[in-house]
There are 2 protein chains.
Amino acid sequence: MSPAEEAGLALDQQVCFKLYAASRAVIRGYKPMLDALGLTYPQYLAMMVLWEWQASDPGQPTVKALGQRLMLDSGTLTPLLKRLEQLGLVRRQRAVRDEREVHLGLTEAGLALRGQVPPVQQRLHCMADVDAGELIELRERLDRLLHLLDR
Amino acid sequence: MSPAEEAGLALDQQVCFKLYAASRAVIRGYKPMLDALGLTYPQYLAMMVLWEWQASDPGQPTVKALGQRLMLDSGTLTPLLKRLEQLGLVRRQRAVRDEREVHLGLTEAGLALRGQVPPVQQRLHCMADVDAGELIELRERLDRLLHLLDR
DNA sequence: ATCAATTGAATTGCACACAATTTATCTTGA
DNA sequence: TCAAGATAAATTGTGTGCAATTCAATTGAT
């Protein structure tokens, strides 16, 4: 490595570490709200997708579809979804047409939980302090990075 | 929640999810290099701190100091450091002066491993494709977000 | 039609993260 | 000085992430 690189942490390392640290910090920030809902952050993300799906798409998503959305595989999702099922929020059922697939649906309680999610201002308190333009910029930069990394 | 927010995922949710997804994507990107080194990403971060410490600071960092640097607690670090010790890369020793502290040092192999880390271009291949200015911008935005979240 | 290849979930095993508790040690103040 | 509080690691328990494997169901090429 060049001496210039090795003087300290190189730029890529700094960005990667800060990404990792910021991701965990955000999840910590959501914790109080999520505790009130009785969900973990990944479980909350799964519920978000199911709430959205309910509203827009016809039919129910499969584990695979959810996995593509969240970029998580069945090794992570299967136990997570079983916990949501245990909580009485989600229904998992094998498709009749193709018995390899498992379709995901919301129970009454799962649907009702959506109403318990507080408005943005109370979700990640400090996010409200961040300028909206700044957030949009950050989102776009993350998008470009994600796009590059997915190859 | 307002209808405008609920039309889709609100901005904060998008940013938080993308942060979470990008962090995991970056770690995936590092995987081939880390497999060659025989390290996981968090283990690599710990080694980076120890390599840097060696070069700049006098004395050895404690588990606490490492934890503050990486924003990780002993519940995560103790088993991770024991694995690095098993690999023969790190030495853990109770301080004589204060027996509550555990000081961390590098073994010969631990020091030598630094030479095995490939240059930036081969670390996260696609990072080289990203404009340096873009990376600096991203780092600064993550810094500001981290600063806001740490309160 | 059939069998090899593919696919979707589930399972297994390992390594984080982190809250909560425990243990040992140190510090401090009456 | 010595008991109360603070501190540093370790431990315990739960829930991810993800690679690798397994298993059942489906598809496709001959």
Side-chain angles (χ1 to χ4, degrees), chain A residues 17 20-32 34-35 37-47 60-87 90 92-104 149, chain B residues 17 19-32 34-35 37-47 60-87 90 92-104:
Chain A
F17 170 67
Y20 163 77
S23 172
R24 286 183 297 123
V26 158
I27 292 172
R28 262 197 303 282
Y30 269 121
K31 187 112 203 311
L34 293 176
D35 283 348
L37 293 178
L39 297 176
T40 64
Y41 185 68
Q43 288 168 3
Y44 174 61
L45 290 178
M47 292 301 291
Q60 298 181 325
T62 61
V63 172
K64 179 183 173 62
L66 180 62
Q68 285 172 339
R69 200 76 182 325
L70 300 180
M71 303 200 250
L72 291 170
D73 71 5
S74 68
T76 299
L77 289 178
T78 297
L80 184 154
L81 290 167
K82 283 185 178 174
R83 278 176 213 116
L84 290 179
E85 193 178 38
Q86 283 300 307
L87 290 172
V90 162
R92 295 158 63 245
Q93 43 198 351
R94 289 272 162 195
V96 185
R97 182 211 194 82
D98 184 341
E99 287 187 35
R100 291 171 304 179
E101 298 179 345
V102 169
H103 287 260
L104 304 170
L149 285 162
Chain B
F17 171 67
L19 218 41
Y20 164 78
S23 173
R24 287 184 294 123
V26 158
I27 292 172
R28 261 197 304 281
Y30 269 123
K31 187 117 201 311
L34 292 176
D35 282 349
L37 294 178
L39 297 176
T40 65
Y41 185 67
Q43 288 169 4
Y44 175 62
L45 291 179
M47 292 301 291
Q60 298 181 326
T62 61
V63 173
K64 180 183 172 62
L66 179 63
Q68 284 172 339
R69 200 75 182 326
L70 300 180
M71 302 200 252
L72 291 170
D73 70 6
S74 69
T76 301
L77 289 178
T78 296
L80 183 155
L81 291 167
K82 283 183 178 174
R83 278 174 215 117
L84 290 179
E85 192 178 37
Q86 283 298 307
L87 291 173
V90 161
R92 295 158 64 242
Q93 42 198 351
R94 288 276 162 190
V96 185
R97 181 213 195 80
D98 184 341
E99 287 186 36
R100 290 171 304 180
E101 297 179 344
V102 169
H103 287 259
L104 304 170

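Chain A is the first sequence line, chain B the second, and so forth, proteins listed ahead of strands; every chain is numbered from 1.
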Worksheet entry | Bounds of contact between DNA chain D and chain B, in 5' to 3' order, using a heavy-atom cut-off under 4.0 Å | D:dT7 to D:dA19
Worksheet item: Looking at CG of B:Leu77 and CG of B:Leu70, how far apart are the two atoms once the value is rounded to the nearest 0.5 Å?
Response: 6.5 Å
Item to complete: Would you kindly give the CD-to-P distance between A:Gln93 and C:dA10, to the nearest whole Å?
Response: 13 Å
Practice prompt. Provide the closest heavy-atom pair for B:Gln60 versus B:Leu104 in the form atom of the first, atom of the second, distance.
Written response: CB-O, 3.3 Å
Worksheet, complete the sentence: Taken to the nearest whole Å, CZ/A:Arg92 to P/C:dG8 is 17 Å
Worksheet entry | Heavy-atom protein contacts under 4.0 Å, nucleotides 14-22 of chain C, coded B base, S sugar-phosphate only, - none | -SSBBB---
Fill in: Interatomic distance, A:Asp73 atom CG to A:Thr78 atom OG1 [nearest 0.5 angstrom]
8.5 Å
Discussion item. Please report the interatomic distance OG1(B:Thr76) to CZ(A:Arg24), rounded to the nearest 0.5 Å.
Written reply: 8.0 Å
Worksheet item: Would you call the rings of A:Tyr20 and B:Tyr41 parallel, tilted or perpendicular if under 30° counts as parallel and over 60° as perpendicular?
Response: perpendicular
Practice prompt. Could you pull out the closest heavy-atom pair between B:Gly38 and B:Gln43, with the gap in Å?
Written response: O-OE1, 4.2 Å
Practice prompt. Send over the distance from B:Arg100 CZ to C:dT25 P, rounded to a whole Å.
Written response: 10 Å
Worksheet item: Rounded to the nearest 0.5 Å, what separation is found between the CZ atom of B:Arg92 and the NE2 atom of B:His103?
Response: 13.0 Å
Worksheet item: If you take all heavy atoms of B:Pro79 and B:Ser74, which pair is closest and at what distance?
Response: CD-O, 3.9 Å
Discussion item. Nearest whole Å is fine: how far is C:dG8 P from A:Lys64 NZ?
Written reply: 4 Å
Worksheet item: Can you tell me how far C1' of C:dT12 sits from CG of A:Leu77, to the nearest Å?
Response: 17 Å
